[in-house]
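We name chains A, B, ... by the order of the sequence lines, and we start the count at 1 in each one. Everything numeric here is computed off the predicted structure, so don't read it as measured data.
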2 protein chains.
Amino acid sequence: MTGEMPDKRPDRKLRADAERNRRLLLDTAAQVLADKGLDVPISYIARAAGLGQGTVFRRFPSKESLVLAVVMDQLGALIELGDTLSADEPDPAEALRRFLSAGIQVVAENRGVCEAVYGSLGAGPELPAVYRRIVEIMHELVSRAQAAGSVRGDVTAEDLVLLQRGVAQAAAPLRESDPQLWRRYLDLLWDALRPAVADPLYGNAPTFAWEKMEIPAEAG
Amino acid sequence: MTGEMPDKRPDRKLRADAERNRRLLLDTAAQVLADKGLDVPISYIARAAGLGQGTVFRRFPSKESLVLAVVMDQLGALIELGDTLSADEPDPAEALRRFLSAGIQVVAENRGVCEAVYGSLGAGPELPAVYRRIVEIMHELVSRAQAAGSVRGDVTAEDLVLLQRGVAQAAAPLRESDPQLWRRYLDLLWDALRPAVADPLYGNAPTFAWEKMEIPAEAG
DNA sequence: ACCTGAACACCGTTCAAGT
DNA sequence: ACCTGAACACCGTTCAAGT
């Protein structure tokens, strides 16, 4: 057969209007998801962006993949901050604390991200490349803080990534009435990380099953 | 009109077969929800219980209310434990730790409860009577532990209820590969609660908007 | 009173027709 | 290549008919 197949490679250059629509869709979705949460119908997002819902599915094969793309956009900013801190912040404890804080804040202040990040990672995983990068940065920062004697030696980068989620989720029920509550529980977490208190922790540090994770199209 | 209305009062005595079916439904749902999570169709639960799906909606006005009833069943057991600890455990720190542990465990080991408890409480709240009771027990236990000097004075019962959730949710992504991971983060939380480390915490302790909570039918 | 399954509404996803 | 909205499948909820 001679019919042209549409190019499925994710990084194939899009036609100008398509690229514009993709960006519009991501921005609209980010905003809508942030305060309505994951339950908004795709049709709602499509209408808010002034597009047909078919267009959404042309660019993102499923609702989940759209959400994923939005979340990855946000985590991309977090990674940039991590790189900056890793390069420029001379105080290891301060660098770690700011990275923890920023990660918690993204989840805590964004209903869509909070709900999305709930089921993800671990067993039925997503966001692989981005999460792996975050763990790498976390590892760098926590290692330095431990070497400086600011943080107990028995917590790992994986622990801290999970605990970021935990802190954000602890504060999540009161997001509307007390949007800064997560800072309170970050303070508690920080206390728990002091080397002085270090009782041995139960069991072994967790490991993530990166192999099980599939690279979604958007991750390129 | 002379037609009899069905009695809507939630505690009205059910006919024997209806009561049996209600119990069967709750037990089946508990089991199915625990490992499949909230996404299982009602039709699946109905079939597993050998009933028509209409029967489910006759007893529980919505899927949400069925889930709620299941969760409340489980939290009922937690409350009983709390009462026992409050009455019988002489060591205040031990009593508090065991209550924290049991609450985290319920959420951590039960996918349905974990997902259900995610959105609840706080802004758009449910489970009111049961949650209020849990906070009361927590208040009793934490007060004693604080009076005994085992726990820092600036955390409240509300903090701890939220933090239970947080610990369970931190470990949730690895539930299948590492089902005991929550114990590790309970250890960390426990370290954070020591009076010795007490840096002042950010902001004020949270308060729950009980007024906003509606008593669901099942709470009778 | 209670049970049931067919019917309805809604939303995610697909696709034939149009630009 | 891309866009669109109608059509399809699935699941929560309702309800007319039966016991």
- Take A/Arg132 and A/Glu136, measure what salt bridge (charged side-chain N to carboxylate O under 4.0 Å, His left out) needs, and give me the verdict at the end. CA-CA 6 Å; A/Arg132 188 188 261 117; A/Glu136 283 171 9; 5.3 Å; no
- To the nearest angstrom, how far is B/Leu38 atom CG from D/dG12 atom C1'? 14 Å
- Query: Could you state the interatomic distance from CG (B/Asp154) to CZ (A/Arg184), rounded to the nearest 0.5 Å?
  - Reply: 6.5 Å
- Task: Evaluate the criterion salt bridge (charged side-chain N to carboxylate O under 4.0 Å, His left out) for residue pair A/Arg183 and A/Asp187; output intermediate values, then yes/no.
- Result: CA-CA 6 Å; A/Arg183 297 186 187 277; A/Asp187 281 351; over 6 Å; no
- Task: Please report, rounded to the nearest Å, how far the C1' atom of D/dG12 is from the CZ atom of B/Phe60.
- Result: 16 Å
- Which of the following nucleotides, D/dC3, C/dT4, C/dC11, is nearest to the side chain of A/Asn21? D/dC3
- Query: What's the OH-P distance between B/Tyr44 and D/dC10, to the nearest Å?
  - Reply: 17 Å
- Item | Point-to-point distance, once rounded to the nearest 0.5 Å, from CZ of B/Arg22 to CD of B/Glu19 | 5.5 Å
- Query: Under a cut-off of 3.5 Å for both distances of each Watson-Crick or G-U pair, what dot-bracket string does DNA chain D give, using [ ] for crossing pairs and | for inter-strand pairs?
  - Reply: ||.|||||...|||||.||
- Whole Å only: how far is the CZ atom of A/Arg23 from the C1' atom of D/dC2? 19 Å
Where do N or O atoms of nucleotides 13-19 of chain D meet protein N or O atoms at under 3.5 Å, pair by pair?
{"from": "D/dT13", "atom 1": "OP2", "to": "B/Lys63", "atom 2": "N", "distance (Å)": "2.7"}

- Item | salt bridge (charged side-chain N to carboxylate O under 4.0 Å, His left out) assessment of B/Asp83 paired with B/Arg133 | CA-CA 10 Å; B/Asp83 286 335; B/Arg133 188 81 194 84; 3.1 Å; yes
- Task: Kindly give the heavy-atom pair with the smallest separation between A/Val167 and A/Leu186, and that separation in Å.
- Result: CG1-N, 3.9 Å
- Between atom NZ in A/Lys36 and atom C1' in C/dC11, what is the gap in whole Å? 17 Å
- Can you find a heavy atom in the side chain of A/Arg59 that is under 4.5 Å from one in the side chain of A/Asn21? no
- Scan B/Ile42, B/Leu68, B/Leu26 and name whichever one has a side-chain contact (heavy atoms from CB on, under 4.5 Å) with B/Phe60. B/Leu26
- Query: Hey, does B/Gln164 have a side-chain heavy atom less than 4.5 Å from the side chain of B/Leu100?
  - Reply: yes
- Are A/Arg20 and D/dC2 close enough that a side-chain N or O sits under 4.0 Å from OP1 or OP2? no
- Item | Whole-Å gap separating P (D/dC2) and CG (A/Leu25) | 14 Å
- Value in whole Å for how far the P atom of C/dA1 lies from CG of B/Leu14: 11 Å
- Query: To the nearest angstrom, how far is A/Leu66 atom CG from C/dC11 atom C1'?
  - Reply: 15 Å
